[in-house]
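Reviewing the structure listed below.
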Amino acid sequence: MNLLQVFVAVAETGGFAAAQHRLGTSASTIGTQIAHLEARIGLRLCERGRSGFRLTEEGEIVLASAYELFREHERFSRNIYSLEKEVVGRVRIAVIDGLVRNTSLRLSECIADLRKNYPRIQFELQQSGNGPLEQKILAGETDLAITWMPSSLPSLSARLLFEEEEIICCGRGHPLFERAPNDITDEELEKFDWVTDGFALPNSVPFSIPPISTAMTASIEGIAYFVLAGTHIAYLSKPYAKQWIDEDLIRPILPNKFGFKLPISIVSQRALARDKKTAVTRDVFLELHKV
């Protein structure tokens, strides 16, 4: 199952190097895992080399079968848990800041489904800043986290829910605003003030460490205030900034060059056998997000 999850990540991202951030491991390790999977099932799943990455015909079939296997596994788990007479208790869910405007997150539907089918579950929703939510799980401060997980930890399970597009933005009144989105050079971005926040972007992302920063915040809302002031530039999620972009209060900067997708996962303790309420909640999330 783990090797299939690696294969799915590689197929969805388009290669070993592209899958590194999602899986939290190196391209060479991913290549070894794919080779083990191919040896185990006796099929070549993908072509990789100078000509680029592509799935073989057998790889396409295995990918479709893997999706079906994961869905059936989640249905099986949920059916087993539903045999319990009652699922009772409080589930603490920490959600990373700024996802409220992203329609890919089906949090409300998940709560409604759980309320209908498991009426004795209670909920505690923790709206969190940009800190590492996986540490809150390890510390026992929350049960589930909806977050970007920068690295894999052996005791935690992270399942991708969706990917969120991140873009560099400036606000009306900023010197770059009238020339945004594309009439701007890379060098100019190094000369303007950025917002520093508590959210550690992948090291591969350009300007993940701002060259100049005179503003600091621990929340997405704080970043938005600085950008809307027209004084600073920063990365914002495209769904979060969409309303202001539509109103022409914020404009993206070189989105085709510097935009990237951030994987948003549901994270939990790997062993949930004794925690039925959390396991049920996680399974509902996965099912409604079609994972």
Side-chain angles (χ1 to χ4, degrees), residues 1-6 8-9 12 22-24 64-128 131-149 151-164 262-291:
M1 184 74 80
N2 289 337
L3 291 178
L4 281 176
Q5 290 172 346
V6 171
V8 169
E12 290 179 343
R22 180 186 297 190
L23 296 173
S65 299
Y67 284 140
E68 184 60 29
L69 175 63
F70 293 157
R71 284 192 292 268
E72 289 299 327
H73 181 266
E74 297 302 338
R75 291 191 192 101
F76 173 79
S77 298
R78 190 174 178 187
N79 288 339
I80 294 300
Y81 291 136
S82 68
L83 295 177
E84 298 285 342
K85 291 183 178 179
E86 290 184 313
V87 180
V88 181
R90 182 182 299 273
V91 177
R92 300 164 297 172
I93 307 170
V95 183
I96 197 170
D97 191 24
L99 290 181
V100 65
R101 295 183 180 181
N102 193 326
T103 56
S104 295
L105 178 60
R106 304 186 64 185
L107 176 59
S108 299
E109 294 96 319
C110 291
I111 293 174
D113 184 286
L114 289 161
R115 188 67 172 174
K116 176 181 178 181
N117 294 296
Y118 305 97
R120 297 200 64 185
I121 289 183
Q122 300 176 4
F123 303 96
E124 179 182 328
L125 195 59
Q126 304 169 350
Q127 192 69 37
S128 179
L133 297 189
E134 64 271 16
Q135 296 300 327
K136 296 188 69 173
I137 295 178
L138 293 173
E141 298 172 1
T142 195
D143 302 306
L144 295 169
I146 312 299
T147 185
W148 170 62
M149 189 170 168
S151 60
S152 60
L153 296 172
S155 61
L156 297 183
S157 169
R159 296 284 299 276
L160 178 71
L161 297 180
F162 57 90
E163 293 183 321
E164 182 175 70
L262 195 66
I264 304 298
S265 301
I266 183 167
V267 184
S268 66
Q269 291 281 0
R270 190 171 294 277
L272 290 179
R274 297 183 179 180
D275 189 355
K276 301 299 184 185
K277 65 184 187 305
T278 301
V280 164
T281 302
R282 180 201 58 188
D283 290 348
V284 169
F285 266 89
L286 294 174
E287 183 171 324
L288 290 183
H289 287 86
K290 302 186 185 305
V291 177

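Partners of Arg75 by side-chain contact (heavy atoms from CB on, under 4.5 Å), not counting sequence neighbours, listed by chain and number: Glu68, Arg71, Glu72. For Gln122, the side-chain contact (heavy atoms from CB on, under 4.5 Å) partners two or more places apart in sequence, or in a different chain, are Arg90. By the side-chain hydrogen bond (donor to acceptor under 3.5 Å, both in side chains) test, Gln269 pairs with no residue at all, sequence neighbours left out. The side-chain contact (heavy atoms from CB on, under 4.5 Å) search around Glu109 returns Arg106, Leu288, not counting sequence neighbours. Residues that satisfy the side-chain hydrogen bond (donor to acceptor under 3.5 Å, both in side chains) test with Asp113, not counting sequence neighbours, are Arg78, Asn117. Not a single side-chain contact (heavy atoms from CB on, under 4.5 Å) links Val100 to another residue, sequence neighbours left out. With sequence neighbours excluded, the residues that form a salt bridge (charged side-chain N to carboxylate O under 4.0 Å, His left out) with Glu12 are Arg22. Taking Glu164 as the reference, nothing meets the salt bridge (charged side-chain N to carboxylate O under 4.0 Å, His left out) condition, with sequence neighbours excluded. Applying the side-chain hydrogen bond (donor to acceptor under 3.5 Å, both in side chains) test to Thr142 and every residue at least two apart in sequence or in another chain returns Gln126. Contacts of Ser65 classified as side-chain hydrogen bond (donor to acceptor under 3.5 Å, both in side chains), with partners at least two apart in sequence or in another chain: none.
The shortest side-chain heavy-atom distance between Ile264 and Asn102 does not fall under the 4.5 Å cut-off. Between Leu4 and Phe70 there is a side-chain heavy-atom pair separated by less than 4.5 Å. Counting heavy atoms from C-beta outward, Val267 and Ile146 have side chains that stay 4.5 Å or more apart. Side-chain contact between Leu125 and Leu107 is present, with heavy atoms from C-beta onward closer than 4.5 Å.
The two residues Ile93 and Phe285 make their nearest non-hydrogen contact at CD1-CE1, 4.2 Å. Here the closest non-hydrogen pair linking Gly140 and Arg92 is O-NH1, 2.9 Å. Annotation for Leu286 and Arg159: closest pair CD2-CB, 3.7 Å, computed over non-hydrogen atoms. The shortest non-hydrogen separation linking Gln127 to Asp97 is NE2-CA, 3.6 Å.
Atom CG of residue Leu160 and atom NE2 of residue His289 lie 10.0 Å apart, to the nearest 0.5 angstrom. With values rounded to the nearest 0.5 angstrom, Ser157 atom OG is found 10.0 Å from Leu144 atom CG. Taken to the nearest 0.5 Å, the CG atom of Leu99 stands 8.0 Å off from the OG1 atom of Thr147. Taking SG from Cys110 and CG from Leu161, the interatomic distance works out to 8.0 Å, rounded to the nearest 0.5 Å.
Enclosure of atom CZ in Arg115 is not indicated, since only 12 or fewer non-hydrogen atoms of other residues, nucleotides or ligands lie within 6.0 angstrom.
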Run the side-chain contact (heavy atoms from CB on, under 4.5 Å) test on Thr281 and Asp143 for me, step by step, so that the C-alpha distance in whole Å, both residues' side-chain angles and the decisive distance to 0.1 Å come before the verdict.
CA-CA 10 Å; Thr281 302; Asp143 302 306; over 6 Å; no
